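Below is one structure, written out as structure tokens; the observations come after it.
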Amino acid sequence: MTGQETAQGPKHKRDLTRRKVVAAGAGAVVAAGVGGTFAAGAFAGEEPRAAKKTTAAGSGEICYKLTSETTEGPYYIDADKLRRDVTEDQEGIPLTLRLKVIDSESCKPLANAAVDIWHCNALGVYSGYEDMGSGGGGGGGGTPPSGTPTGTPTGTPTGPPPGGGGGGHQEPTDDERYLRGTWRTDKRGFVEFRTVFPGWYQGRCVHIHTKVHVGGTWTDAGYEGGTTCHTGQLFFDEESVLASAETEPYSTNTTTRTTLDEDTIYPGNGTEGGLLKLKYRKNAIAKGVVATLTLGVDPEATHDGTDDAVQPGASASASGS
């Protein structure tokens, strides 16, 4: 997913009315129950993104601007893992991702919304697309090839360009689904995932993809129907990424890294653009990171990742063009 990363692809692949999330084991649809671990308002340390000077009655929360919409990217797989722990057997720095989803107009929490996350592993590889290597660029780490290439390339190049671009949705090439999952928000709009700190691949900074779905129904089989009201990406500050790069297995990733400022997708507008608030022990990031963010969304809107909308205050790069 590079600067060429655009929001194309067959709409039926993203039409939530056709989606069906398969529950991962009995009782998987039980409410997350993590709300008690959070403050009632926006997460501590988040700079207010006030859309109004008034607050929602009795909530004490500052109304938020809409969180920036970004491209879905080519590696979305309609959620088939209803779970909070998406780690599976992936190595990396433990990451607890805590999100709060609110209506940006009323500041009321959105309960029972379905939140998807998906991201690459420490070496820049996406599950479902392992044969594309590091984000489609080939190789997530290890020793780069040496010597001088021989022969003259012939024919027309095939496959996605480096960095996982190529515009439209790419069909999965394998059955792996690590670092992907869907879970529901509790009555206060909170949802929590356990994963690992993402790595990087050619052309993109470190990020996590997310979607928020509303209006659907939770059943024994999972989540059905509804609409996608937000498609975005979550970003990591440079200090944390540089710290992660000093630990294994991230330190074995030889792919050239794109910084946050160089990235063509990050809108450059802080928490409104998806920049996470991170907490970890200085000089001991390998022990784990807690990432938090409040997502202000419009539950009446549809943002399935195929629109090129750029939120006010965001740079044109948010469109992914």
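As the structure is a computational prediction, the values presented were derived from the model and not from experiment.
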Step by step, would you call Q170 with Y126 a side chain to side chain donor-acceptor pair (under 3.5 Å)? CA-CA 12 Å; Q170 298 286 328; Y126 280 88; over 6 Å; no
Requested in this report: Go through V86 and R180 one step at a time and tell me if the side-chain contact (heavy atoms from CB on, under 4.5 Å) criterion holds.
Outcome: CA-CA 6 Å; V86 303; R180 297 176 181 272; 5.8 Å; no
message: Under a 3.5 Å cutoff, is there a donor and acceptor pairing between the side chains of K211 and T231?
response: yes
One should read off an interatomic distance between T182 OG1 and F193 CZ, to the nearest 0.5 angstrom, of 6.5 Å
Pairing donors with acceptors under 3.5 angstrom, does anything connect the side chains of Q90 and T87? no
- Between Y76 and W118, ring centroids under 6.0 Å: yes
Note: A113 and V212 closest approach over all heavy atoms is CB-CG1, 4.2 Å
Problem - N112 and D186, any side-chain heavy atoms less than 4.5 Å apart - result: no
One should read off an interatomic distance between L295 CG and S68 OG, to the nearest 0.5 angstrom, of 11.0 Å
Taking every heavy atom of P74 against every heavy atom of H169, the minimum-distance pair comes out as O-ND1, 3.5 Å
For residues V289 and L95, determine if any side-chain heavy atom of one lies less than 4.5 Å from a side-chain heavy atom of the other. yes
Nearest heavy-atom contact between Y250 and I93 is OH-N, 3.0 Å
### Polar side-chain atom of N269 near backbone of G273 as donor-acceptor pair, under 3.5 Å
yes
Heavy atoms of P94 and A286 approach each other most closely as CD-O, 3.6 Å
Value for CD1 (I285) from OG (S244), rounded to nearest 0.5 Å, stands at 5.5 Å
| message | Given 3.5 Å as the limit, does a donor-acceptor pair link the side chain of D174 with the main chain of Y129, or not? | response | yes
Between Q202 and T256 (side chain of the first, backbone of the second, donor and acceptor by atom type, cut-off under 3.5 Å), is there such a pair? no
When rounded to the nearest 0.5 Å, the distance separating CZ of R194 from CH2 of W183 is 10.0 Å
- Counting distance only, does the side-chain N/O of Y223 pair as donor-acceptor with the main-chain N or O of G216 below 3.5 Å? yes
Q: Answer whether the closest heavy-atom distance between the side chains of Q233 and I265 falls below 4.5 Å.
A: yes
Check your understanding: Just wondering, do T271 and K277 contact through their side chains at under 4.5 Å, heavy atoms?
Key -> yes
Evaluation steps, side-chain contact (heavy atoms from CB on, under 4.5 Å), between V101 and F190
CA-CA 6 Å; V101 184; F190 290 108; over 6 Å; no
Backbone N or O of G73 within a donor-acceptor pair of the T71 side chain at under 3.5 Å? yes
Minimal heavy-atom distance between C120 and L179, with the atoms involved, is O-CD1, 3.5 Å
Side chain to side chain donor-acceptor pair (under 3.5 Å) between T228 and D304, intermediate numbers included
CA-CA 5 Å; T228 305; D304 57 10; over 6 Å; no
Checklist entry - For residues T258 and D263, is any side-chain donor paired with an opposing acceptor at under 3.5 Å? => result no
Problem - Side-chain heavy-atom pair V115, T185 within 4.5 angstrom cut-off - result: yes
*Taking the six-membered ring of W218 (Phe, Tyr or Trp), confirm whether the NZ or CZ of R184 is under 6.0 Å from its centre and within 45° of its axis.*
yes
For V297 and C229, the nearest pair of non-hydrogen atoms, with its separation, is CG2-SG, 3.9 Å
| message | Just by distance, no angles: are the side chains of D298 and S104 close enough, under 3.5 Å, to form a donor-acceptor pair? | response | no
Would you check if F235 and L276 make a side-chain contact, meaning some heavy-atom pair closer than 4.5 Å? no
Review point. So, do L97 and L293 sit near enough that their side-chain heavy atoms are less than 4.5 Å apart?
Key: no
- Any side-chain donor-acceptor pair under 3.5 Å between T67 and H230? no
- Message: Quick one, E171 with T173, criterion side-chain contact (heavy atoms from CB on, under 4.5 Å). Give me CA distance, side-chain angles, the key distance, then yes/no.
- Response: CA-CA 6 Å; E171 288 300 315; T173 58; over 6 Å; no
| said: Run the salt bridge (Lys or Arg N to Asp or Glu O under 4.0 Å) test on K100 and E192 for me, step by step, so that the C-alpha distance in whole Å, both residues' side-chain angles and the decisive distance to 0.1 Å come before the verdict. | reply: CA-CA 9 Å; K100 182 175 185 182; E192 178 179 280; over 6 Å; no
Are H209 and E72 linked by a side-chain donor-acceptor pair shorter than 3.5 Å? no
One should read off an interatomic distance between R188 CZ and L110 CG, to the nearest 0.5 angstrom, of 15.0 Å
For S127, does its backbone N or O pair with a side-chain atom of R177 as donor and acceptor, under 3.5 Å?
no
Checklist entry - Taking C-beta and beyond as the side chain, do L260 and E262 meet within less than 4.5 Å on heavy atoms? => result no
Donor-acceptor pair, side chain of Y201 and main chain of C205, under 3.5 angstrom: no
I'd like to know if K81 pairs up with E88 as an ion pair, taking the criterion as any Lys NZ or Arg NE/NH1/NH2 lying under 4.0 Å from an Asp or Glu carboxylate oxygen. no
Residue pairs meeting salt bridge (charged side-chain N to carboxylate O under 4.0 Å, His left out), one or both in residues 227-244, sequence neighbours left out, come to E238-R257
Rounded to the nearest 0.5 Å, the NE2 atom of H207 sits from the CH2 atom of W200 at a distance of 13.5 Å
